[in-house]
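Proteins get letters first, then strands, A, B, ... in listed order; numbering begins at 1 in each. Everything quoted here is computed from the prediction, not taken from an experiment.
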2 protein chains.
Amino acid sequence: MKRGEHQPQTGPRPPDRERLRAELVQFMDRRGLRSTEQRRVIIEQLFGVTDHVTIDQLLESVRAVDPRVGYATVYRTMKLLAEGGLVHERKFGDGFTRYELADAHAHHDHLICLDCGKITEFEEPAIEELQDGIALRHGFLVRDHKHELYGTCAECAKQSDVKPGRVKTAHR
Amino acid sequence: MKRGEHQPQTGPRPPDRERLRAELVQFMDRRGLRSTEQRRVIIEQLFGVTDHVTIDQLLESVRAVDPRVGYATVYRTMKLLAEGGLVHERKFGDGFTRYELADAHAHHDHLICLDCGKITEFEEPAIEELQDGIALRHGFLVRDHKHELYGTCAECAKQSDVKPGRVKTAHR
DNA sequence: CTGCGTGCAAAGCATTTGCACCTAT
DNA sequence: ATAGGTGCAAATGCTTTGCACGCAG
């Protein structure tokens, strides 16, 4: 139990991941990247895990398969995959970068519980539209966006009830 | 020219800052904080600067007044002010923490230009409403939120036109 | 006077990088 | 063979902290 520990994620998701696999192969090919044992294991774990993994969580599961893999390799691999648009890099402000697969389900935003660390996803097309309107009005070309709600999830609220006075403490 | 450099901010803003001053005094009083020369200068600079300053930018302007102030003091002071809810801490993911005054104007979100670094603000009550709806639906108690659009601002788009191929490079 | 606040330098910590070795291709 | 990958340890860069001194109350 150490860095970036948090609760398990929300439910399963539709694996339209075949397309992702194909894109991955295509990307590695295009860039002339080699298929090494380490990369294979990392990618396998990434596909296996539900979501929003930190480098440490990922490394842990990778080492369960091959204990010889180092931090640097995971960092380098994730950076590559992010460049290739195969994973999304998420920074929720607690100091750990998290990664999630860029499958079709990818277009969503996040609810982050400051008490238990659980990350839930949401999607709201109406917000996207308003957002596009704002960008348009500013002549701004959106390449990426981030919409996150930080607070207390249903379970935590229920369990500890009001619990006043700790507003920023739990974060980080 | 060094860390966290970026373009000047968008226009002036209504200084309802009198209330903020009052809150500040109240906060320092409540916590038994001392009014030192350093804190006074830091706060003065903070009130004077338009927006979204990094620690370095702030320290620079502080040192223009009193060259003897150290990094640590600025960090510590900003942390205090953030705890007191007098400033907001913003992390746009480029590695620098930025601060902005928590005046009445504070309820807004950000457009961040990845090319020139300019930060523009926007406000969209309709989004807030949808957001509240989402939280409600999830039984989630929102304490804070973050809504940011990353991309190319109008000026940069005009000036360099399409310029394809550099999508993640400019950031940081 | 007393203890909070400060400056400096050192420590922390996630992430990146240099380098010698390794291994896909 | 040979250039790209890897592991390790050292380096980065922002932020925090320990400690001795200084100054507000």
Check every atom of [options] against the side chain of [X] and return the nucleotide holding the closest atom.
{"X": "A:T36", "options": "C:dT15, D:dT6, C:dT6", "answer": "D:dT6"}
{"X": "B:V69", "options": "C:dG7, D:dT6, C:dT17", "answer": "C:dG7"}
{"X": "B:R39", "options": "C:dT25, C:dC8, C:dG5", "answer": "C:dG5"}

Query - Derivation of the side chain to side chain donor-acceptor pair (under 3.5 Å) call for B:D109 and B:H145 - result: CA-CA 9 Å; B:D109 292 287; B:H145 82 281; 3.1 Å; yes
Query raised in the report: Taking for each residue the nucleotide of DNA chain D with the nearest heavy atom, is it B:T97 or B:E37 whose nucleotide lies nearer the 5' end?
Result: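 Checking each residue's closest nucleotide, the 5'-ward one belongs to B:T97.
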Query raised in the report: Quick one: is C:dT15 close enough that its OP1 or OP2 comes under 4.0 Å of any side-chain N or O from A:Y75?
Result: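 It does, given that an N or O in the side chain of A:Y75 lies less than 4.0 Å from OP1 or OP2 of C:dT15.
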Query raised in the report: Short question: side chain of B:R90, backbone of B:H52 - any donor-acceptor pair under 3.5 Å?
Result: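 No: the side chain of B:R90 does not pair with the backbone of B:H52.
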Requested in this report: Please tell me which of A:L33 and B:R76 maps to the more 5' nucleotide of DNA chain C, matching each residue to the nucleotide holding its nearest heavy atom.
Outcome: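 Per heavy-atom nearest nucleotide, the more 5' residue is B:R76.
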Using distance only, find each side-chain donor-acceptor pair of residues 124-136 of chain A under 3.5 Å and give its atom names and separation, not counting sequence neighbours.
{"unit_1": "A:E124", "atom_1": "OE2", "unit_2": "A:A126", "atom_2": "N", "d": "3.2"}
{"unit_1": "A:Q131", "atom_1": "OE1", "unit_2": "B:H147", "atom_2": "NE2", "d": "2.6"}

Query - Pair of N/O donor and acceptor under 3.5 Å linking D:dG4 base with A:R31 side chain - result: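 A donor-acceptor contact between them is absent.
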Report task. Test for a donor-acceptor pair under 3.5 Å between the base of D:dG4 and the side chain of A:R34, counting only N and O atoms. Result ->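 Such a pair exists between side chain and base.
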**Report entry** Nucleotide C:dA14, atom P - distance to CD of A:Q57 in whole Å
**Finding:**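 Spelled out: CD on A:Q57 to P on C:dA14 is 13 Å.
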Requested in this report: Please work out which of the three classes, parallel, tilted or perpendicular, describes the rings of B:Y71 and B:Y75, given edges at 30° and 60°.
Outcome: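 Taking B:Y71 first and then B:Y75, their aromatic rings lie parallel (interplane angle under 30°).
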